Structures are given as structure tokens and as C-alpha cells.
Amino acid sequence: MNNIDYVVMAVFALLILCIGMVFTYSGSKNTSTFFEAGGQTPWWINGLSLFISYFSAGTFVVWGSIAYQGGFVANGIQLTMMLGGLITAIFIAHRWKKTGALTAAEYIGVRFGVKTQQFYTTLTLLYSLFSVAAVLYPVGKMVNVASGISIEASVLIIGGIIILYTAAGGLWAVLVTDVVQFVVLSAAVLIVIPLALKDAGGIQTFASNAPDHFFDFFNSEYSIGFFFAFLLYQTIYIGGNWPYVQRYTSVSNEKNARKVAFLFTGLYLICPFIWMLPPMLYRVINPNLQGIEAEGAYMMMAQKVLPAGLVGLVLSGMISATASKANTTLNLVAVVFANDVYKKIFFPKASDKTLVWVARVFTVLFGLLTMVIAILIPKVGGIVEMVLSTAAIAGGSLFAPLIWSLFSKKQTAKSIVFASIVSLVVSIWMKIGAPFIMGIRLDRFLETCLGVGLPLAILALFELINRKQHYAAFSKKEESIHEYNERQDSVKQNIFGIKVIAFSITLVGFGIALLGIGADDGLVAVIVGAGIMLGGGAIWKSILSAQ
């Protein structure tokens, strides 16, 4: 990397930090603004945030590694995310908004009681430790490949910045930085692709030199059976993962909750086919990467074709995606701890100001612990193994019972807890105990089927057992005068947030165009930067005309 690349990364990190800090004052007014951005955020902002939060550098390390080794298989896997989003948009997203709950934890507490809430809160916080760590490690890997800076140092620096602005600004800081990060990441990928195609000799040369079956959607490890099992998991994850539930509950109504998921679906239909091209092209250029070396294929491709400055932009895009996923989870766990643990269990009379500060302190402590886990990931077999195994073991067990309960009045606290415990114990045993004690090791397909299918089977059994009983469902509470006033304040905050987005992405577009002008092969960057500037101007104009 050139010195200008480091300057680009530093400037971008400063921009993101400043955006987050802008919301420090407004996010501190009350728990509504800090935890749910007033519950009135525009659906398109939440939709972009949901989409970019689903990405991370892990997308380019995990799926990029699979794309390098197996080709279109990586796209086949990611199509499950698009279909899962579609199912969520049609059947699930609006039901979360209909509950009137601030968080999934609040829904559990009202519907199933405090003890059940504590059970799921504990497990979800533990799961979130590993999910955040799983996105911090890949960006450390990217920085290490590009610059030689150690993975440990990269994780600590980037993780520290994410923790700082998330703790300061709350959900609005997360949402706005997510939109800006989406723009940067998209720009970075759009600049890399034409240069990578040129370096690979064009599409025809790429297609003719690619390995056999490189353009198949399935292979022996990621079979069609795995596809359907993973689709079921993705539906449960997109529809029930607590940070994503927050995207459905923080918009103004049920229709907008659905729009959030529909926007996610549309973007996932298109983007993976574009974003997986660079590591696939690199397979033709350099077919010699072995094992975990393939995790760096994406960054190696970018370094090979990009001029000075634009490598820093691509790396900033990867860091952006990571920040989006990490900040989403960090904000959610802070909300849950402050609102559903600290207040409801220990200090029921705690003021809004106190809760906001508790959330900030917990964000910092939780973030520090995730960085420690991220640094230890190479010792557990690498990032691909950790991501897929954690998903198979915990995803269905934690989130499937909650989604089921949105549709059924026959589930009780005992039934959903029983389903979670049994499926977790069995999945962990089959992953850790059975291979060493019994010599039985499940492949990807069976591992995913077990993790998702077992809790669903148990819940279905309880539907039959409790078929003559109808337990109380979550009832939406009436809006108080205090909540009405907060909602009115949130409208003003929305306008401010959109203005920050417009100004920030216009500034980003100008910077990208400037880098393109100064680069030897920067025409694509100039065009992309100009397009982003026009987009930022259009957003600014629209918000002024709305006033």
C-alpha cells in the first residue's frame, strides 16, 4: 500500500467517527431516540442499513474465499439470503412492528415472562459476542493482507472506532453511518470490477480459463440440500435475529416494516453477482492459493489492479461493511442490556439519562470482549468454519421459537425454552462431542438441517400438544402523551439525519472523483464519484422540498 492509501483510510475513518459523534446530543435526549431513533425512521434508511449490516468484510473473506475456490457456489449460497428476505418481507417483518415492542427482548418479556426473557437475553448476548467477533476478524485479515499490519492491531484499531461512535450516537449514528458505508462499499466494488476484468483478459478469457464446474451453483460440499436447509436458516435469521428485528420495529408502521425487508431482498438479488466477481477473476489470474490463503483473494485482486489511493478506498469499503454489521449488533445488545436487564431486573426507577449512559458503558465493555474473541478466531479453524458452524448451532435454536410465536397462540414459555435448549444441546454435541467420542461427523447439509430442523420439529410437536389451548398473545400498548411528544421530536430528527446523509455521501463522491483524477487509470473512479455526488445532491434537494 502507498502512503496515500493510508491517508484515504484515515480520512474516511475520521468522517465516519464525526458522523457518529454528530448524534451524541440528539441520541442522549431519551431512550427512544438512542434505542429506536424515535420509532419513525424512513424505511429506505432502515432497508439500506439492514442490507449493509448483513454484509461485512466477512462477506468478502468468507464468501470471497468460497467464490475463489468454488465459483458460483458463493452466489448460490447468497441467493438463500435474497429468498429469506423475500419470505420475511411477505410474512414476518410487519408482525414484529404489530407487536408494538421496542426490542425482541421486550416482546419475550411481555409474552412469556421475565424469566424467559432473561434466558433468551443471556443466550443472545453470548451469541452476539461471536457474531461481532466473526466480522471483526475478517477486516483484520483484509488490512493484514493489504498493509502488513498485524491482525491483532487492525482489530483493536477498527473495533475501537466502531465502539466509540456507536456508544456516542445510538441507533441514528448506526443508521446514518450504515448508509454512507453502503455508498463507499458499492463504489469500491464498482471501481475494482472493470479493472479486474481487464487484467483477466476479458469475459471470454475468464470463462474459458475458469476451472470445470466453476459456474455451477452447487457442489459436493454446498449441495442443493444444503441450499434449502440454509434458506430455512436464513429466513429465521433475517426474520428473527434481534438486531434485524430492530430495523422492522423502528419504522412508523407495518407497511414500512415490510418495505425494509423488500429493499433488502432487491439488493441481495443483484449485488452478490457483482461483488463476488473479483475473487472469481483472481482464481484465473492466480490459481495457486491454498487453504486459508483464499481468504485474502479479494484484497489481492484489488491490490493487483488498483492505483494508489483506490486500494485504500476499497479497504475502507471492506471496513465499512464490517462496521455496519458490528455497530448494528453492538447497539442492539446495549439496548437490551440497559432496557431489559438493568432497568427491569435491577433498577426499575432508572431515568432515561441513566439508561442511555448504561447502554454506552455496556457497548464499550461488550465491544472489548468481542475484540478479544476475534483475535482468537484462527485457533478454532478459521473464519469459514466459525461462521457456518455458529450459524448451524445457534441460529435456529435462538430465533425460530420467537418467529413461530408471532404466528401461534399455542406456544408457552416452557415450549419455546424446551425447543431452544434441546436443539442447542444436540447441535453442540454433534459438533464437538460426537466426532471425538463416537467418530460421527456431520457434513454441512446435515449440520444445518439439524440446527434448523430440530427446533422447528419440537415447536410443531407442542402445537399438537397444546392444540386445545390458546395462550395470551402480545398486545400492542396504547401510545401515551409522552410517547406522542417523542414521536413528534423524531420527525425533526429524521430531517436532520437525512441532511447528514446527503452531505456525507456528496463529500464521499467528491473524494472518490478527486482520487480518480489523480490516478493513472482513474476514469472509472471519476465517473463513480460524480454519480455519488449527484445522488447526494438529489437527496438534499428532496428533503428541502419536503420542508
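The structure presented is a predicted model; accordingly, all values stated were derived computationally and were not measured.
- Side-chain contact between Met300 and Leu289 is present, with heavy atoms from C-beta onward closer than 4.5 Å.
- Remark: side-chain polar atoms of Asp216 are not paired, donor with acceptor, to backbone N or O of Phe218 under 3.5 angstrom.
- For Gly64 against Met276, the heavy-atom pair with the smallest separation is N-SD, 4.0 Å.
- Two residues are said to be in side-chain contact when any heavy atoms from C-beta on lie closer than 4.5 Å; Asn219 and His213 fail this criterion.
- Here the CD1-CD1 distance, from Ile92 to Ile87, works out to 7.5 Å after rounding to the nearest 0.5 Å.
- Aromatic pair Tyr268/Phe51: ring centres closer than 6.0 Å.
- Side-chain contact between Thr412 and Asn466 is present, with at least one heavy-atom pair separated by less than 4.5 Å.
- A pairwise comparison of heavy atoms in Ala200 and Leu281 identifies CB-CD2, 3.9 Å as the closest pair.
- Between the side chains of Ser250 and Asn46, at least one donor-acceptor pair of N or O atoms lies under 3.5 Å.
- Listed here is the closest heavy atom pair of Arg258 and Ile90: NH2-O, 2.8 Å.
- Distance CG/Leu50 to CD1/Ile238: 7.5 Å, rounded to 0.5 Å.
- In this structure, Phe262 places its CZ atom where more than 12 heavy-atom neighbours from other residues, nucleotides or ligands lie under 6.0 Å away.
- Rounding to the nearest 0.5 angstrom, the gap separating the CD1 atom in Ile108 from the OG1 atom in Thr99 is 11.0 Å.
- Side-chain atoms of Arg283 come within 3.5 Å of backbone N or O of Tyr68 as a donor-acceptor pair.
- Rounding to the nearest 0.5 Å gives a distance of 8.5 Å between CG of Leu450 and OG of Ser423.
- Side-chain contact check for Glu463 and Ser408: at least one donor-acceptor pair (N or O, by modelled atom type) lies under 3.5 Å.
- Remark: Tyr282 engages Asn286 in a side chain to side chain donor-acceptor pair (under 3.5 Å) (not counting sequence neighbours).
- Between the side chain of Lys97 and the main chain of Val251, a donor-acceptor pair closer than 3.5 Å is present.
- Looking at Ile512 and Ile191, their side chains come closer than 4.5 Å, going by heavy atoms from C-beta outward.
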Begin with the C-alpha distance, continue with both residues' side-chain angles, and end with the deciding distance and a verdict on side chain to side chain contact (heavy atoms under 4.5 Å, CB included) for Gln234 and Leu83. CA-CA 8 Å; Gln234 289 295 338; Leu83 294 172; over 6 Å; no

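- Formation of a donor-acceptor pair under 3.5 Å by the Ser415 side chain with backbone atoms of Gln411 is not found in this model.
- Using a 4.5 Å heavy-atom threshold, the side chains of Phe217 and Leu79 count as touching.
- Remark: the Gln117 side chain and the Glu106 side chain contain no N/O donor-acceptor pair separated by less than 3.5 Å.
- Rounding to the nearest 0.5 Å gives a distance of 9.0 Å between OG of Ser49 and CD of Gln246.
- Under a 3.5 Å cut-off, the side chain of Thr88 and the backbone N or O of Ala93 do not form any donor-acceptor pair.
- Side chains of Ser65 and Tyr298: a donor-acceptor N/O pair is absent below 3.5 angstrom, by distance only.
- By the neighbour-count criterion of 12 heavy atoms within 6.0 Å, atom CG of Leu464 is densely surrounded, having more than that number from other residues, nucleotides or ligands.
- In this pair, Tyr237 and Tyr244 present their aromatic rings perpendicular. The plane angle is above 60°, beyond the 30 to 60° band.
- Checked against the 6.0 Å centroid threshold, Phe227 and Phe230 do not count as a close aromatic pair.
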Test side chain to side chain contact (heavy atoms under 4.5 Å, CB included) on Lys198 and Val305 and set out the steps. CA-CA 9 Å; Lys198 179 181 177 181; Val305 300; over 6 Å; no

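- When every heavy atom of Leu267 is checked against every heavy atom of Phe182, the shortest pair comes out as CD2-CZ, 4.3 Å.
- Of all heavy-atom pairs spanning Ser420 and Pro401, the tightest one is OG-CG, 3.5 Å.
- Residues Val245 and Thr103 form no side-chain contact, since every pair of their non-hydrogen atoms from C-beta on lies 4.5 Å or further apart.
- Side-chain rings of Tyr127 and Phe399 approach one another, their centers coming within less than 6.0 Å.
- Using a 4.5 Å cut-off on side-chain heavy atoms (C-beta onward), Ile236 and Val452 make contact.
- Taking CZ from Phe366 and CG from Leu369, the interatomic distance works out to 7.0 Å, rounded to the nearest 0.5 Å.
- A donor-acceptor contact shorter than 3.5 Å links the side chain of Thr80 to the backbone of Ile77.
- Within the 4.5 Å cutoff, no side-chain heavy atoms of Val524 are placed close to those of Leu190.
- A donor-acceptor pair is defined here as one N or O able to donate and one able to accept, closer than 3.5 Å; such a pair exists between the side chain of Thr370 and the backbone of Gly367.
- Leu456 and Trp404 get closest at one heavy-atom pair: O-CZ3, 3.7 Å.
- Under 3.5 Å, the side chains of Gln78 and Trp275 contain no donor-acceptor pair of N or O atoms.
- Checked by atom type, the side-chain pair Ser252/Asn256 shows a donor-acceptor distance below 3.5 Å.
- Side-chain atoms of Ser208 come within 3.5 Å of backbone atoms of Thr205 as a donor-acceptor pair (strictly under, hydrogens ignored).
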Determine whether Thr249 and Tyr107 satisfy the following criterion, side chain to side chain donor-acceptor pair (under 3.5 Å), listing intermediate values before the conclusion. CA-CA 11 Å; Thr249 61; Tyr107 165 77; over 6 Å; no

